[in-house]
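To start, the structure under review is shown below, and the notes come after it.
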Amino acid sequence: MSGGMILRGLEVEQVRRFGDAVRLTGLGPGINLLGAPNEFGKSTLLAALRAVFLLAHGSKAGPVAALQPYGGRGAPRIAVDFTLDGCDWRLEKRFMQRAFARLEGGSERLDGDAAEARLHDLLGVEAGRRGTEAMGLLNALWVTQGHSLVQPDFSDPARATIRSCLEADLDAMTGGDAAGRVLSRVDADLAVLVDKRDNPRGRFRAAKEGEQEAAAELARLDGRRQALEDDLSAMADLRRRLAHEDDADRREKERADLAEAGRVRDRLRDYDARYRTARAVRDHAAAQLVAVRQDLAARAAWESDLAIGVARIAELDAALGAAQAAQDAAAAAHAGRLEAVQVADAARRAAREALDRAAGRVERARLTHERREAAAALDRLEQAAQAVTRARAELDACAIDDARMGTIRKAERALDAARAAGRAQATTLDVALADGARGRLMLDGQALEDGRIVVTDNAVLRIEGIGTITIAPASHGRDALRAELVRAEEGLRRALEAAGCVDVAGAEAALAVRRRTELVFQAAQTVLGGLLAAAGQVPATATEAARQRLADLDVRIARIGEAEADGAAGDPLELLDAAREAMQVAEDAYEAAHRALLAPDGTMRRAADELARLRAEAQVARDGVAQLARDLEAARAVEADDALSARLAASLDAAGMAEQALLRIEETRPDGTEALADAAILRLERTIQDGHARLAALRQEMAAREARIRAAEGDGLDERIAAQERLRAAHAAEDAACEREVAILKCLRDAVAAAERAATERYLAPLARAVQPALSALFPRAVATVEPDFSISALSRRIDEPFATLSDGTREQIAVLARLGLADLMRARGRPAMLVLDDALTYADSGRLDRMFDILTEASGRMQILILTCRTELFTGLGARRLAVEPVGGQDRSAG
Amino acid sequence: MRLLHTSDWQIGKVFRFADDDILPVLQQERLEAIGRIGRLARAQGADCVVVAGDIYDHLRPSERTLRQPVERMRQFPDLRWHLIPGNHDFNERDGLWDRLVRTGLPDHIVPHLAHAPVPLDEGGTAWLLPAGLGHRHVIGDPTAWMEGAATPEGAIRVGLAHGSVRSFGEDAPGHNLLAIDRARQAGLSYLALGDWHGAVKIDARTWYSGTPEVDGFDVGGAGGGQALLVTLDGPRAEPVVELHVVGRFRWERAQAVLTCADDIAALEGRLRALDPDDPSRVLVWLAVSGALGLPDLEGWQARIVDGLGSALRLLRIDGAPGLAASSDDLEAFGPGGAVRAAAETLARQAGEGDDAARAIAAAALQRLYLLARDGAGGVA
């Protein structure tokens, strides 16, 4: 157990449930077991153990406050006795009120912070911050309840401790710390140049921005230089144009040209005036000449026209005579034809009258025949109507009919029945009269004859002479029979009365009469219906219509009869045909005559027209001749023919002279036209005027350009551009340098980081080796994967199983093994190592548990192991020291 | 007569590689050179200073830049300063020279903007034929007119022009190309040329003066930093030309292949020897190659990059020594551990892959070495 740490005693007072001082007794090397039920305070004891070693006595922070007794304030006091590297130590601390710390061992006795510092040195831990536990590997090895499933979470000092332990195991340094320092230095250098997103910052960014700004400024300056050069170029151009515009010779020449153009125009205007005058003179002379010639021509024409007119009149007079003769002949022929027409017309009218008469006769014959027919029809109609009337009267006189006859017969049958019934019940009297007795036997006053008498009712038989015998038929219902008989007789009597008959036979005869009468009526009605059928009228209307028609015919016959007074013999139809033929002949004759009348009419009209035309023409010719003669006379009165001839000669001379004068002027005509001369003047004037304007504009523009040039050149653009280019180049160089620096740092960082990773992998091997024996014992053929943070991430059996997927029991066992391995490593490097397991291994099955016991037992040979459990029975097979908690009585509890 | 020939002052020039500390110094020194020229002329009894173009580096300098050289020349009223436009400061209409004239130049500062002879002295014994440029690139020879330019019989004819007497291949077409024998053709006693930045004698009568203050690492000719004192005893007499140093800074190109600590020491010695009295007058553009172990790389950083970089006015370095990490180097990271493993990884990366990745890995290894050594890594 050399190099190990052995806990020998632990006292607590005023710690949570432990108000009074208690001491954990029985502690010693190897496995120590404190078995106690829940709520006993096992975890409190572990908390106290951690606190005394790891918490600063002056702290009043949470972890310390959590130690205070339940339900009250107090000053937790904890003391511990332990052996480290063969030296016995006692450590005591009180927290909160009157806090103190004391560490005693060997010849050393330290108090307060000195004690804390020495303790940290002994344990190899670093002071915690703000009241938290000091940080070292012990934290990881002392597992509190509920953390046994979790692998140790190492603080930085813990990792450093482990790493140094592991590195010591290697032949050479891994240089992990050195690499870490290099990396942090490189990262720091890199952070100066680039931010976390790898974007440039600091001077790197300034270089990039500076380059951009310089480039932008350069572009601006280049633009200005370009503008300046444009201005200079424009200025040179302006100067050239100015020199051109401002040339004195040129301007003088322009003025001379203008003057010359003016003179040319004046000459042209002078010529033009003279030419116009001469031409006017010539035109006037020519006009005079034309006038004279016109006068002469007019006079000759008049004379000629006069002669022609006279001759024409003579011709027309001759023609007039011929035309008059022709017209007379035509008139005579027309009169003849007119007469022929009149004759034909008279003949035609006579033929028409004859035809009309023939037609009248034919019509009369037809109407007469028609009247006869109508009279016969009327007669038939009237007779038929009378027959019907008669038959109806006879029919109306018959009172009997089939219904009444039926009633009579029925009453007769009833009477017969009543009589038969009476007789059947009656008393029969068979009379056989003695001769002579006739008349003497009287029944009800009626003399009896031989034969049978039927007495149906009370009867009195008087026998003359003898007396009377009253017979009362003893018939049952005699009265009823009698009444029936009376009713039947009465019924027959009334039926006969209704039929107007005396008896039944009469009725039968009357009915036969009625039957015959009905037949007669029907026949008459049929006849009348046949006559009326065509007319569809009632008899009275039909009769009236027939009478009206007869009257009409009579009127028409009478009319024709008036016209046909002269009764001609012969067949009217033949006469009519002859009249028609005569009529046609007369019509044809009239037509021919009429045509003959119309045909000669054209000849006569032409003759008349010709005559009228000739007359008008002759009149016009006479009027014309007269006018001509008057005009000629008038003209001669004004200017005699001789005078006219003289005027002609004078006009001819004048025209010749004027033409000559015009020709002479035309010979002096200058070149060009006035319009051209004007245009030239205008152009020259404008040129001169524009020249002034251009000169002014040029000077103005030059002044503006010059001002701009002056303004720009003072800036020293070229120099500034050169300076800016240098600046840009400098920024670019700086940028490149920064890029290179970043590349170098990244290259370095990558190389160192990779090397550190590789080294870590190398030094993790011992940890894996340390864990491996126990692991193999628990999980045969399993290999653990250890991460750079010393956690076991997976278990490789047949396949890789990530830690998180393992069962609770397996994870807990691995966590215990990992701690065991670490403790082993520490112990092997001479570091204090001691394992505390609080309520651990409760998930293990009995087989695993046995093996864990073996492993722990084996490890306990090298280090002290403290097991706290509430299930003591599980650990009976462990062969551990049994610990107890005892009150501390009466002894001095405080070192103070 | 005596005149001082100079050119290519390039006032206002901006050096891109120079940082904010160095740039103003370099620019300032170009102005200071004017004073030195003036004093030299005065000391040597020169009558005038002819400046053969490119007085300004930019066509549109700031007002201050425009006036600064004038103010320097103003301090020498006993000297006449004859100026012509060069290709950098050509005579653009409404441009720099118009501005300059508008500022009201003193009489002894004479810009020559027209191609016409002007007397150099009151007696008219010497005439100046100035051929300033009117454009950045002039097609044709701007000195051609000098042949027909009349000057009094027996006068000394001094040509003043800016351009190249030689075409530099097709990429540089013959702009501003001057006839190489213009002095002979035009009967010039002396043709003072500008444009080339190193002093060069073309023939007995034709010289480039070069820039008075060097402004680049590849100046050519005499290397720049000079002015020419020209003595003309007569129109036919061959001019006597003396080179005088007026520049302050020395610009050097250097190359080094570094494979060990000795190489570094040798390089340091070589560069410090350029101007042992005042290394701050030296600008060096160093092209370096080779490969070093980790401690030597640290030495390179310390002795050359940091040490010489501070001593010299400017140390511009192209390339860097590669990393040749030996097993001994790796021992510095300890016998084992993550840092050692990382170093081995980086050493391997520094030896494989593309150049950029190798350089990064080498730098990372070097950084790791420093971190480890400085205790960040806690290396024993």
Side-chain angles (χ1 to χ4, degrees), chain A residues 167 170-186 189 225 228 231-232 235-236 239 705-706 709-710 712-730 733 740-741 743-760, chain B residues 11-20 23 56-66 88 92-96 98-99 102 333-350 356-357 359-368 371-372 374-380:
Chain A
E167 281 178 350
L170 297 171
D171 291 341
M173 292 286 193
T174 62
D177 283 348
R181 280 192 292 275
V182 169
L183 273 182
S184 52
R185 174 68 186 276
V186 169
D189 287 354
R225 178 160 69 178
L228 176 60
D231 277 342
L232 284 169
M235 192 71 176
R239 272 187 209 289
R705 295 268 187 192
E706 199 168 356
I709 290 167
R710 293 274 167 81
E713 69 190 359
D715 283 355
L717 277 177
D718 285 359
E719 208 174 322
R720 287 177 64 186
I721 285 169
Q724 208 61 40
E725 280 170 343
R726 187 188 72 86
L727 194 61
R728 184 175 62 173
R740 182 178 149 80
E741 179 70 6
I744 289 167
L745 289 172
K746 283 180 177 172
C747 178
L748 183 53
R749 184 188 61 188
D750 293 348
V752 173
E756 191 194 27
R757 268 198 309 281
T760 306
Chain B
I11 302 299
K13 182 160 184 170
V14 174
F15 300 93
R16 284 206 198 175
F17 54 82
D19 63 23
D20 291 350
L23 179 67
Y56 298 97
D57 192 56
H58 301 296
L59 195 55
R60 286 145 204 148
S62 69
E63 202 60 27
R64 181 177 164 81
T65 306
L66 184 76
H88 276 261
E92 182 184 38
R93 194 70 198 265
D94 298 305
L96 181 153
D98 289 341
R99 285 172 67 192
R102 279 204 306 272
F333 292 99
V339 175
R340 167 72 185 257
E344 284 171 357
T345 304
L346 291 173
R348 195 176 59 250
Q349 288 174 352
I360 295 293
L365 181 55
Q366 200 179 341
R367 191 70 57 88
L368 183 60
L371 288 174
D374 292 348
V379 173

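To find a chain, count down the sequence lines: A is the first, B the second, and so on, and within it residues start at 1.
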* **Which atoms of B/Ala362 approach chain A - backbone, side chain, both or neither, heavy atom under 4.5 Å** => neither

* Quick one: does B/Glu92's side chain get under 4.5 Å of B/Arg60's, heavy atoms only? -> yes

* Looking at side-chain heavy atoms only, is the closest gap between B/Glu63 and B/Arg99 below 4.5 Å? -> yes

* Asked: What residue, out of A/Gly716, A/Ala751, A/Ala236, has the most heavy-atom pairs lying under 4.5 Å from chain B?
  -> A/Gly716

* Any side-chain heavy-atom pair from B/Val14 and A/Glu725 closer than 4.5 angstrom? -> no

* **Verdict with reasoning, B/His58 to A/Ile721, per side chain to side chain contact (heavy atoms under 4.5 Å, CB included)** => CA-CA 10 Å; B/His58 301 296; A/Ile721 285 169; over 6 Å; no

* To do: Can you tell which part of A/Leu745 gets under 4.5 Å to a heavy atom of chain B, answering side chain, backbone, both or neither?
  => side chain

* To do: Could you look at A/Ala730 and say if it's the side chain, the backbone, both or neither that has a heavy atom under 4.5 Å from chain B?
  => neither

* Answer with side chain, backbone, both or neither: which region of B/Tyr56 has an atom nearer than 4.5 Å to a non-hydrogen atom of chain A? => neither

* Structure fact -> Cut-off 4.5 Å, heavy atoms of chain A, and the answer for B/Gln366 is neither

* If you count heavy-atom pairs under 4.5 Å between each of B/Ala18, B/Gly12, B/Gly95 and chain A, which one has the most? -> B/Ala18

* Where does A/Ala754 contact chain B at under 4.5 Å (heavy atoms): side chain, backbone, both or neither? -> neither

* Give, as side chain, backbone, both or neither, the part of A/Arg239 having an atom under 4.5 angstrom from any heavy atom of chain B. => side chain

* Asked: Are B/Arg102 and B/Asp98 close enough for a salt bridge, meaning some N to O gap below 4.0 Å?
  -> no

* Asked: Which bit of B/Leu96 is near chain A, if near means a heavy-atom gap under 4.5 Å: side chain, backbone, both or neither?
  -> neither

* Asked: Any side-chain heavy-atom pair from A/Leu183 and A/Arg749 closer than 4.5 angstrom?
  -> yes

* Check each atom of A/Arg710 against the heavy atoms of chain B and say whether the ones under 4.5 Å are side chain, backbone, both or neither. => side chain

* To do: Against chain B, label A/Leu727 side chain, backbone, both or neither, depending on which of its atoms sit under 4.5 Å from a heavy atom there.
  => neither

* Salt bridge or not for B/Arg340 and B/Glu344, using N-O below 4.0 Å? -> yes

* Could you check A/Val186 against A/Val752 for side chain to side chain contact (heavy atoms under 4.5 Å, CB included), going step by step and ending with a plain yes or no? => CA-CA 10 Å; A/Val186 169; A/Val752 173; 5.9 Å; no

